[in-house]
Protein chains: 2
Amino acid sequence: MGKPYHHGNLRRCLIEKGIEIINTEGEENLSMRKLGLACGVSGAAPYSHFNSKEKLLEAMQEYVVERLMKKMNAAIETCEDKDSTEVIMKMGKEYVIFFVENPDYYSFLFARANLKIDLTMGENVDNTPPFQLFIENAYRIYRKLDYVEEDIKYGIVSMWATVHGLAAIASMKNVTTDFKWEEVLERILK
Amino acid sequence: MGKPYHHGNLRRCLIEKGIEIINTEGEENLSMRKLGLACGVSGAAPYSHFNSKEKLLEAMQEYVVERLMKKMNAAIETCEDKDSTEVIMKMGKEYVIFFVENPDYYSFLFARANLKIDLTMGENVDNTPPFQLFIENAYRIYRKLDYVEEDIKYGIVSMWATVHGLAAIASMKNVTTDFKWEEVLERILK
DNA sequence: CCTCAATCTAAACGTCGTTAAGATTATAAT
DNA sequence: ATTATAATCTTAACGACGTTTAGATTGAGG
């Protein structure tokens, strides 16, 4: 009969339905009220689980970053030898493909990004949770590579910049082209 | 004594004051009302010059892109010979430095970017004005280079991706590092 | 001088993020 | 089982926002 007063799993529902809305209607159409109603609760209910929209978006970012990291880590596992160029290549492909398949994720993740990166490799800083995950993963992978540049900072940044820039461009709306982004990446990384 | 009923140059004032607000208070604190008041007119006056906030932002983007393009073109002029590696290098540096010096410009320009790029080099598409400027300039410069890859599309994209990715990373808030981004770019472009 | 279009003001509409006060229910201690 | 406590939810409201409307003020051309 009447739906129960308590939702049961509102927190997870907000995150997942929120991501769904971003993918279907765009981030500009995601409001706390509408999201609450979409989950079957009132427009103020989300504030029982997130004290601000920013916190909710942060949780959604964490959810998305986790998916990306899983894909990248899985890609590494498929490498026969842990030869660094193969690892870098497969990771990079996964990174680019992820944003090509989900174009809205790029600006959702990085437009409001408040990344704190200590490129000096010191004990790491207080990133916002999704990006703590992001950075830690990057360092962990890079450390496992056979090939290490004389200065690891430059290695990480140059690797990341190439892949990230390609993802940024590929994520732009209405980019018309006739090649696959993975091919471009292969050419760039030589 | 009383200020005149008409502002005289409100359109330009809105654009410049708007950019100023973005640089000082951040884009999230830019509202049509406040911007009008900051220019000495009412909160609805901006709508006499831009029928939407989106149109105003577009004009501001155009203003910013023009500055970037001027800097890049000026950098090219300083090249002694039009050797392509030197041109690419100087342009890339200018591109990265621009966003390092104005970190808020990156997401302001690209977060909402509705770029339409025809990478097949056909007659170009109907970009939003700021990016029409952006794309045309890129093609024009690339055509002037001595060195041309067998497939020009890949050349443009790989060049742009590297530089753009570096600008994206360098523009992230709270990135702590101990090297200059220009040096990183030099290493990447070899 | 008169007209017309451009520019501006004041007031309003609906939506937004957020908060406050209180209702409902699960949890756990007695 | 009863009761207290904390978690979760609703309704109503606040101020700020983007935008629209109606009308006031002004500059420019005939």
Side-chain angles (χ1 to χ4, degrees), chain A residues 1-62 104 107-108 111-114 128, chain B residues 1-62 104 107-108 111-114 128:
Chain A
M1 320 170 306
K3 291 156 195 169
Y5 192 87
H6 288 92
H7 179 286
N9 221 339
L10 183 54
R11 188 191 162 90
R12 167 178 291 264
C13 184
L14 290 170
I15 293 176
E16 293 180 347
K17 192 81 76 180
I19 291 175
E20 185 186 325
I21 291 182
I22 283 190
N23 277 328
T24 56
E25 308 179 34
E27 188 179 347
E28 68 275 12
N29 290 329
L30 177 66
S31 81
M32 296 296 262
R33 278 185 171 85
K34 276 170 47 182
L35 183 54
L37 301 182
C39 288
V41 294
S42 84
Y47 285 91
S48 297
H49 297 268
F50 304 98
N51 20 9
S52 70
K53 184 180 187 181
E54 201 57 32
K55 291 288 181 190
L56 166 61
L57 291 175
E58 210 171 89
M60 289 166 56
Q61 287 178 326
E62 195 169 0
D104 289 317
S107 69
F108 168 60
R112 155 194 31 259
N114 204 10
T128 178
Chain B
M1 336 298 82
K3 291 154 195 170
Y5 192 87
H6 289 91
H7 179 285
N9 220 339
L10 182 55
R11 188 191 162 88
R12 166 177 293 263
C13 184
L14 289 171
I15 292 176
E16 293 180 346
K17 193 81 77 178
I19 292 175
E20 185 186 325
I21 290 181
I22 284 191
N23 278 328
T24 56
E25 309 178 35
E27 188 179 349
E28 69 276 13
N29 290 329
L30 176 65
S31 80
M32 296 296 262
R33 281 184 167 87
K34 277 169 49 182
L35 184 53
L37 301 183
C39 289
V41 293
S42 85
Y47 285 91
S48 297
H49 298 267
F50 303 98
N51 18 7
S52 72
K53 185 179 186 181
E54 201 57 32
K55 290 290 181 189
L56 165 62
L57 291 174
E58 210 172 89
M60 290 167 55
Q61 287 179 323
E62 195 168 0
D104 289 316
S107 69
F108 168 59
R112 156 194 31 259
N114 205 12
T128 179

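Since the model is a prediction, treat every value here as computed from it, not as a measurement. Just so we're on the same page: letters track the sequence lines, and every chain starts at 1.
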May I have the distance from [X] (atom [atom1]) to [N] (atom [atom2]), rounded to whole angstrom?
{"X": "A:K55", "N": "C:dG17", "atom1": "NZ", "atom2": "C1'", "value": "16 Å"}
{"X": "B:K53", "N": "D:dT20", "atom1": "NZ", "atom2": "P", "value": "14 Å"}
{"X": "A:F50", "N": "C:dT19", "atom1": "CZ", "atom2": "P", "value": "15 Å"}
{"X": "B:E54", "N": "D:dT19", "atom1": "CD", "atom2": "P", "value": "9 Å"}
{"X": "B:N9", "N": "C:dA6", "atom1": "CG", "atom2": "P", "value": "17 Å"}
{"X": "B:L56", "N": "D:dC17", "atom1": "CG", "atom2": "C1'", "value": "15 Å"}

Are the charged groups of A:E16 and A:R11 less than 4.0 angstrom apart, N to O?
-> no
Min side-chain heavy-atom separation A:E58-A:F50 under 4.5 Å = no
Which residues, if any, of residues 27-40 of chain A bring a heavy atom under 4.0 Å of DNA chain C?
->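 Heavy-atom cutoff 4.0 Å gives A:L30, A:S31, A:M32, A:R33, A:K34.
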Between B:G43 and A:H7, which has a closest nucleotide on DNA chain D that is more 5'?
->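 The answer here is A:H7.
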To the nearest 0.5 Å, what is the distance between [atom1] on [X] and [atom2] on [Y]?
{"X": "A:L35", "Y": "A:L10", "atom1": "CG", "atom2": "CG", "value": "8.0 Å"}
{"X": "B:K53", "Y": "B:M60", "atom1": "NZ", "atom2": "CE", "value": "9.0 Å"}
{"X": "A:I19", "Y": "A:L57", "atom1": "CD1", "atom2": "CG", "value": "10.0 Å"}
{"X": "A:S48", "Y": "A:H7", "atom1": "OG", "atom2": "NE2", "value": "12.5 Å"}

Which nucleotide in the list [options] gets nearest to the side chain of [X]?
{"X": "B:S48", "options": "D:dC9, D:dT11, C:dC8", "answer": "C:dC8"}
{"X": "A:H6", "options": "D:dA12, C:dT25, C:dT9", "answer": "C:dT25"}
{"X": "B:Y47", "options": "D:dC9, D:dG18, D:dA12", "answer": "D:dG18"}

Among B:Q61, B:M32, B:H49, whose side chain to side chain contact (heavy atoms under 4.5 Å, CB included) with B:L56 holds?
->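 Only one of B:Q61, B:M32, B:H49 forms a side chain to side chain contact (heavy atoms under 4.5 Å, CB included) with B:L56, namely B:M32.
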OP1, OP2 of C:dC8 versus side-chain N and O of B:H49: anything below 4.0 Å?
-> yes
OP1 or OP2 of D:dT10 under 4.0 Å from side-chain N/O of A:S42 | yes
